[in-house]
Amino acid sequence: MPLDKKDKKNKYWQLFLSTFKLSACTFGGGFVIIPLMRERFVKELHWIEEEEMLDLTAIAQSSPGSIAINASILVGYHVAGIPGALITVVGSALPPLIIISIISAFYQAFRSNKYVSMAMAGMLAGVAAVIFDVVINMAWPILKKKRLLPIAVMLAAFVATRFFSVNIILIILVCGVIGALDTLYLQKKEVEE
């Protein structure tokens, strides 16, 4: 059933406010916003399915640019098309723009303030916890399927990045090829059965 003007306006407003609030309260980079978006759009609003959110996260991560902005664009487009993408990109970009503008105006005062330094150091611990949560939530559906190939690819990607400093673009490309071949194999197997 198509949405009337009031419902569309309400959905657009919710998209803007959600991404604005998430972006304003997120410290530590794009990976931190993903579980918050999942909580808001999957669990609270039920606008996106869990699997779709994982797919959108993977696309956002492999696209050039900020993960937070990419994820916002994809979520906005998924929920409300091109207007939704435009609304969510503005909602996600405004808070950092405002905060950076304020900080740059008072840079000298912030730079030497020991309380600001301690607060930033404290945020690092929170960021680490949120990133750990993202890893667990993204890995859990893969582990639940109990398929050896995705688990092996996930572990190999971690080892290649962490211990061998392999370029992330190369890892993404290799994982994309492996994923495409695996999908083709599974589709062919499904057709044969």
Spacing of Lys11 atom NZ and Leu45 atom CG [to the nearest 0.5 Å]: 9.0 Å

Trp47 vs Leu15 side-chain heavy atoms within contact, under 4.5 Å: yes

Ser23 side chain to Phe20 backbone, donor-acceptor under 3.5 Å: no

Between CD1 on residue Ile69 and OG on residue Ser63, distance to nearest 0.5 Å: 13.0 Å

Under 3.5 Å donor-acceptor pairs involving side-chain atoms of residues 151-175, not counting sequence neighbours:
{"residue": "Thr161", "atom": "OG1", "partner": "Ala157", "partner atom": "O", "Å": "2.9"}
{"residue": "Asn167", "atom": "OD1", "partner": "Ile169", "partner atom": "N", "Å": "2.8"}

Sequence neighbours left out, cut at 3.5 Å: what donor-acceptor pairs do the side chains of residues 98-106 make with other protein atoms?
{"residue": "Ser101", "atom": "OG", "partner": "Leu97", "partner atom": "O", "Å": "2.7"}
{"residue": "Ser104", "atom": "OG", "partner": "Ile100", "partner atom": "O", "Å": "3.2"}
{"residue": "Ser104", "atom": "OG", "partner": "Ser101", "partner atom": "O", "Å": "2.9"}

Expected output: side-chain Asn70 to main-chain Pro64 donor-acceptor under 3.5 Å: yes

Members sharing Tyr185's hydrophobic cluster (side chains within less than 4.5 Å): Leu186

Qualifying salt bridge (Lys or Arg N to Asp or Glu O under 4.0 Å) pairs, either residue in residues 165-175, two or more places apart: none

By side-chain contact (heavy atoms from CB on, under 4.5 Å) - contacts of Glu52 (at least two apart): Ile48, Glu49, His78

Aromatic Trp13 / basic Lys8 pairing, under 6.0 angstrom, 45° off normal: no

Co-membership, hydrophobic cluster, residues Ile59 and Leu54, 4.5 Å side-chain: no

Hydrophobic cluster identity match, Val42 and Leu36, side-chain contacts under 4.5 Å: yes

Point-to-point distance, once rounded to the nearest 0.5 Å, from CG of Asn113 to CE of Met118: 8.5 Å

Minimal non-hydrogen separation, Ala60 against Leu74, with atom names: N-CD1, 3.6 Å

Sequence-distant partners of Glu50, salt bridge (Lys or Arg N to Asp or Glu O under 4.0 Å), two or more places apart: Arg38

All salt bridge (Lys or Arg N to Asp or Glu O under 4.0 Å) counterparts of Asp182, not counting sequence neighbours: Arg147

For residues 80-95, which side-chain donor-acceptor pairs fall under 3.5 Å, sequence neighbours excluded?
{"residue": "Thr88", "atom": "OG1", "partner": "Ser72", "partner atom": "O", "Å": "2.7"}
{"residue": "Thr88", "atom": "OG1", "partner": "Gly84", "partner atom": "O", "Å": "3.0"}
{"residue": "Thr88", "atom": "OG1", "partner": "Ala85", "partner atom": "O", "Å": "3.1"}
{"residue": "Ser92", "atom": "OG", "partner": "Ser72", "partner atom": "OG", "Å": "2.4"}
{"residue": "Ser92", "atom": "OG", "partner": "Thr88", "partner atom": "O", "Å": "3.1"}

Residues that Glu44 engages under salt bridge (Lys or Arg N to Asp or Glu O under 4.0 Å), provided they are two or more places apart: Arg40

Fellow cluster residues of Leu181, listed by chain then number, with links counted only when side-chain atoms sit under 4.5 Å apart: Val177

Closest non-hydrogen atom pair between Ile142 and Pro150, with its separation: CG2-CB, 3.7 Å

Any residue meeting side-chain contact (heavy atoms from CB on, under 4.5 Å) with Gln187, in chain and number order, not counting sequence neighbours: Thr183, Leu184

Identify each donor-acceptor pair in which a side-chain atom of residues 120-141 lies under 3.5 Å from a protein atom, sequence neighbours left out, and give them as a table.
{"residue": "Asp133", "atom": "OD1", "partner": "Asn137", "partner atom": "ND2", "Å": "3.0"}
{"residue": "Asp133", "atom": "OD2", "partner": "Asn137", "partner atom": "ND2", "Å": "3.2"}
{"residue": "Asn137", "atom": "ND2", "partner": "Asp133", "partner atom": "O", "Å": "3.1"}

